[in-house]
Each structure stands twice: as structure tokens, then as C-alpha cells.
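Because only heavy atoms are used, hydrogens play no part in the values below, and waters and symmetry mates are left out as well, while side chains stay in. The structure displayed is predicted, hence computed values, not measured ones.
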Amino acid sequence: MPDFSSFIAPDLAGVPSNPDPEVVLPQLDLTLQEQERYRLLLDAMPMLAWTAQPDGQVDYWNQGWINYTGMPPKATEGWAWQQIIHPQDLSRCVTAWTGALESGSIYEIEYRLRRADGSYRWHLGRALPLKDGQDRIIAWVGTCTDIHEQKQRSQQEHFLAEASRELARSMNYSTTLAKIVRLVVPDLADWCALSIVDPDQTIRQVEVAHIDPARVELARELNRRYPDHPDSPHGVPQVLRSGQAELVETIDDRLLTQVAQDETHLEALRQLGLVSYMVVPLLARGRTLGALTLISAESQRHYTSTDLEFAEKLAQQAALAVDNARLFQAAREELQERRRIQAALAESEEKYRQMADDAQNRAQELVKTSSILAQTATILEKRNQELDQFAYVVSHDLKAPLRAIANLSQWIEEDLEDSLSPDTRHQMSLMRGRVHRMENLIDGLLQYSRIGRLEVQPELVDLNQLLPEIIDSLSPPPDFTITLPNHLPRLRTERLHLEQVFANLLSNAIKHHDRPDGTVQIGVSQQGTDYEFTVEDDGPGIDPRYHSKVFGIFQTLEARDKVENTGIGLSIVKKIIESKGGTIHLASQPRQGTTFRFLWKAST
């Protein structure tokens, strides 16, 4: 802004405190030509210019102000200029102006000024104090510079950034649709409606918002009674057909008459007081998903091509959010359907197993199954004859009779419930316990025999998730504590094998602990590309004489009747780790707890 102090004669001493050019200029020892020159200069300036007395009373406006406001100078002199300030900016403006008057400092503020047509535009207001030779303020000279486009661009960029963050917070389809219309009202429109194209090409209005929530139901009722006609040459149908935005800067009665479906509809549209509207398409991946309608009414705002360009940018973000929400919803529904099918299959399989167990022709089915197994064993014998034949024999020919023994003992005990002695009941319970132990032993043997033979694809394993899942599956006693490091690694490895190792070590630590409130601590350290893990408990410990024995198959340090144990768990652990190229070591003393330390080779 020009420095108006340079227009004043060097010596201002004795000039009255009245900056009106008609009063001040003649008293500055200027020629009439110079006075006229300064008056013309103020009127010729592209910005709005004004002067005020030391107490803030405005006493002069240039021609630019008169042209902009459409009001005579007298109508806004003194403090009457406040009527031109936007109501939302007035308090801030007055506070800044009175502060400048009190301090004598430069006055600068951004506010909206009402134009002659009733619309508001952003301006930068700035004023400098003029002082005499005794440093007294004799006048204020100010300007109002139009910054509407610059301010609008800044606000739009901020709005788009906030809209992007808000829309990204939820992947719920319905929530996303509701957010879009709420973002628009009231900053961009008085009314906002969102219409979606369904798979059958039906146009459906899914959301509507208004600055007055009480009027939302009115809009919905109008849409229910007068839905958009697919062939309408205006509005949402036209935008959806063409994929091009539509702007109507001024809604006149002729347009209302064209779109109204009957006289009642026309009268309802007239009562809404619609001023201007825009309809922009929601385009994503080459498809038109819907359309966003923005309407001005109460605010009396007339949309321009600049507003349309901004609305199209907002529609791009909205379309992306809608498309993402749709894809997420479709994926979730597909996942739910898959789970439903899997549950149904699992239920069917369970029913089939129960029917098979209860079938009276059990013996015939077992013969058929044995025949099938024999045929299968012959085919698989070419690949790994000894191990596969062993696995099938153990799995079917041994476990089936064991289950039969357990079931028969339970049935006998139930049938003879009144005549069995306590000792006999105890023996029956021991028998079933040994049957279950044998089944666990068979399972352990199968796992042991398959280590190194089954190909397991490496995957990215997050131990922060895996270890809590293992602990939860083991169901330790309520007072038992298992401590994990704050940060566990994510490594590429065979998840199943690592899970078996930790499950066996933690299960042993819990099972063989001599207290229900024991503690197990898991540790980890990186060794190059590999990891060394420790599983340390504060249990009864192991005598060094038996350290080598614990890794042997079928080896236990306690009577099996005291602690159910197959004696194969640590053998499986050792075989898995060594098959990966790692090592495992045991450190323990009686009554000093036990620590298993193993090196795990991560896949590359």
C-alpha cells in the first residue's frame, strides 16, 4: 500500500486534527493544483480508500468505496461503516480498530465487506496514522484491498485437506455418505443432497443436509413424492447421464416451472427460496457412482465457475471415499459369506462324524476304511513308504480302538453306576487317562515323524501377535504370570514350526511348575539375521544329571500318573530347531528354575 504520509507537506505543525481532504489539504500549504491532484489520486486508486479523525471517526471515502457499497459517503461516515462489515467479522474488526487508536500502531485486518448487490467479499484493511511535528496523530489514512480470490483459494485448500482427513477416518459405507453432506453444509451450501446409482441403475437419494436440521425431513418428503425422472434435462439425471457438472448461477421461476412435476410441487419449490445450485458427478475408476447437489437459498449466494471448480475437486475426494467404502463393504460381506459357508461345512462334517460314530454298521465301515487306507498306503509308498505307512497305521488302526476303549469304559461305568466300588471307579478313570495319554503319544509321534518332510512356506510372522495367541490357547492358571518383552521382532519364517516350539516350551513350563502362581519370562536378542530366544521359569528346576535325558523321545522326569505327559514334546522342539539349522540348550539347577535357550534361523 502507498505511504500516504509522503503526500503531506514536511511541516505539519499547527494543522488541525481533521483529515478530511477538503479541510486538511488547504491547510498544508499546497497549491490548488496539488490539492486537486491528491483528491484525484485517492479517487483513482483501485482499492477502497478512506480517512479518519484521531478518535477513529471516518470522515472521507474515495469514489471506489462509493462505487463498491452503492451508498453515499454520509451513510457510512463516523462509525456507521460497521453496517458494511460481515456480522461474523464485526466484533473482531472493531476490537482491532479501537486497539490501533489506543496504541497509535498500524491497523491491519482481514474482513468481509458487503457489496452493492448484497454479496460479501474478503478485503485486507490497513490504516496508517499521520503525525505532526510533535508526533501527535492528526489523522488516519486507510485502504481496503480486495483479496477475495486469494482468501477463497486458501480456504478451499484448507477445506479440501480437512475433508480428505475426515473422509479417511471411516471405511463404513453409510458413515461415509453421511459425512460428505455434513462437510458441505453450511460452508459451501445451505442445502446438500447426495444421490447414488444402484446396480440396477436406479437413482436413489441417500443423504440430505440443511443448515436447519428441522428442514431435512421436508427435503426427504419432497424427494419421496417427486423423485427425479431419469430423462430429466436438468439436475442429477442429466449429470449422471453425461458425467458433466451442471451450474445454474441464478434459479428463476422459469427453471422451477420446467422441473416441477405439478402445481403443488412448483409451489413447494418456490417456498424454498432457492437462489443458485450446482450438481457435480462422483467419478471413480471410470464409473459414475452418483452426484452431489449443492444449493444456495438463505445465504443468497450465487455460485460461479470458481465455486463449480472447487465443488468438482471435493466430488473427486468424495467419490474416492465412496468407492473405497463400497469395496471395503463388498470385501467384508464376501468374508462373512465365506465364514458362514465354512461354519456350515464344519457343522456338516461334525454331524457326519457323529452319525458315523453312532452307526450300527461300524464294523463294516471300519473294514471299508481299512481297505481304502491300504490302497492309499500303496500309492504313497513310492514317495515315503515307511513313514507314511507308519503314520496311517498309527492314526487309524490304533487310535480308533483306543477311542472305543475309552467310550466302552465310560458306558460300563454309567451302566453299573450303582454297583461299582470306589476302587473300581478309580481304576476305570486310570484306564481312560492312559488311553488319552496313548492318543497324545500317537499325535506326538505323528508330529515327530513329519518334521522336515512337510513343506511349509515361510511368511511374515509378528511375534507380538503370535505369542499372546499361544498363551491364550494354553489357558494358564489365573495367578500364573508369563512376561513378554515390550518389543518382539517380525521375522520371515515358518509360522507353524515356530508356534509348535513355543507352545511345547510354555506348556512344559506351566505343566511341571510346582506352584499355581509361577512365573515364565520370554526373552529375545538378535544374532545377525537370526534370533536367540529364551524361555525362563522359576519352577522346581532340573538336576544337571538329567539335562540330556529331557530331549530324548518318551523321556519324562515325573511319574505319568502324577503329571499327564507323553515325553515327546521336547523331542519335537529339538528336532524342529535343528532341522532349521538352529540349536537349543538347557540351563537349570534344582529349586532354581529352568531356562531353555534356542537359536532360530530366520528365512531370507
Side-chain angles (χ1 to χ4, degrees), residues 152 155-156 158-170 172-197 203-228 232 234-240 244-251 255-256 259 268-269 271-284 288-323 325:
Q152 198 171 48
Q155 289 177 335
Q156 289 175 353
H158 178 74
F159 183 91
L160 288 175
E162 288 296 320
S164 178
R165 283 192 290 269
E166 184 65 24
L167 291 174
R169 289 178 181 173
S170 173
N172 181 275
Y173 183 62
S174 299
T175 302
T176 299
L177 298 179
K179 279 185 176 180
I180 292 172
V181 296
R182 287 201 300 268
L183 283 170
V184 172
V185 175
D187 292 335
L188 304 180
D190 303 320
W191 292 92
C192 181
L194 179 61
S195 301
I196 293 297
V197 181
I203 302 173
R204 180 166 54 93
Q205 187 183 89
V206 292
E207 290 291 341
V208 64
H210 185 261
I211 53 176
D212 179 6
R215 305 197 70 185
V216 170
E217 188 53 40
L218 170 63
R220 288 177 176 158
E221 179 60 26
L222 280 175
N223 184 256
R224 281 192 292 266
R225 295 179 59 183
Y226 303 103
D228 291 321
S232 174
H234 301 287
V236 172
Q238 167 62 15
V239 170
L240 292 177
Q244 300 296 320
E246 180 177 285
L247 167 65
V248 174
E249 296 184 7
T250 301
I251 299 175
L255 178 61
L256 295 180
V259 301
L269 292 177
Q271 290 180 3
L272 291 177
L274 308 180
V275 174
S276 180
Y277 82 84
M278 300 181 290
V279 183
V280 288
L282 303 182
L283 304 174
T288 303
L289 306 180
L292 190 65
T293 303
L294 293 80
I295 301 176
S296 166
E298 289 84 353
S299 65
Q300 296 295 305
R301 178 177 181 175
H302 290 264
Y303 292 124
T304 65
S305 58
T306 302
D307 297 316
L308 182 64
E309 180 181 353
F310 174 63
E312 289 178 321
K313 291 180 181 179
L314 177 62
Q316 291 175 1
Q317 293 188 356
L320 180 61
V322 170
D323 193 43

Atom CG of L294 and atom CG of D307: how far apart are they, to the nearest 0.5 Å? 9.5 Å

Looking at every non-hydrogen atom in both residues, tell me the closest pair between L308 and L247 and how far apart they are. CD2-CB, 3.9 Å

Could you walk me through whether R220 and E207 satisfy the side chain to side chain contact (heavy atoms under 4.5 Å, CB included) test, starting with their C-alpha distance in whole Å, then the side-chain angles of each, then the deciding distance to 0.1 Å, before giving a yes or no? CA-CA 9 Å; R220 288 177 176 158; E207 290 291 341; 4.2 Å; yes

What pair of heavy atoms forms the shortest contact from A315 to V280, and how long is it? CB-CG2, 3.7 Å

In Å and rounded to the nearest 0.5 Å, what is the CG to CD1 distance from L292 to I196? 9.5 Å

Using modelled atom types only, decide if a donor and an acceptor are shared between the side chain of D190 and the backbone of S299 within a distance under 3.5 Å. yes

Least distance between heavy atoms, A193 atom then Q205 atom: CB-NE2, 3.8 Å

With a 3.5 Å cut-off and sequence neighbours excluded, list the donor-acceptor pairs that the side chains of residues 212-219 form with protein atoms.
unit_1, atom_1, unit_2, atom_2, d
D212, OD1, A214, N, 3.1
R215, NH1, E298, OE2, 3.0
E217, OE2, R224, NH2, 2.6

Spatial distance of atom OH (Y277) from atom CG (L255) [nearest 0.5 Å]: 5.5 Å

Straight-line distance of T288 OG1 to L282 CG, nearest 0.5 Å: 8.5 Å

Quick check against the 3.5 Å criterion: does S276 have a side-chain atom that pairs as donor or acceptor with the backbone of Y303? yes

Which atom pair, heavy atoms only, marks the closest approach of S195 to I203? CB-CG2, 4.2 Å

Nearest 0.5 Å please: distance from the CD atom of E312 over to the CD atom of Q316. 7.5 Å

Using atom types as modelled and distance alone, determine if a side-chain donor or acceptor of E249 lies under 3.5 Å from a backbone N or O of H302. no

Not counting sequence neighbours, which residues clear side-chain hydrogen bond (donor to acceptor under 3.5 Å, both in side chains) with T306? List them please. none

Is there a side chain to side chain contact (heavy atoms under 4.5 Å, CB included) between V208 and N223 once you walk through the steps? CA-CA 10 Å; V208 64; N223 184 256; over 6 Å; no

Might you point out which heavy atoms bring R301 and S296 nearest each other, and give the distance in Å? O-OG, 2.6 Å

Return the CG to NE2 distance between L272 and H210, rounded to the nearest 0.5 Å. 8.0 Å

T293 side-chain N/O to C192 backbone N/O, donor-acceptor pair under 3.5 Å: no

Closest non-hydrogen atom pair, V275 against Q300: CG2-NE2, 3.7 Å

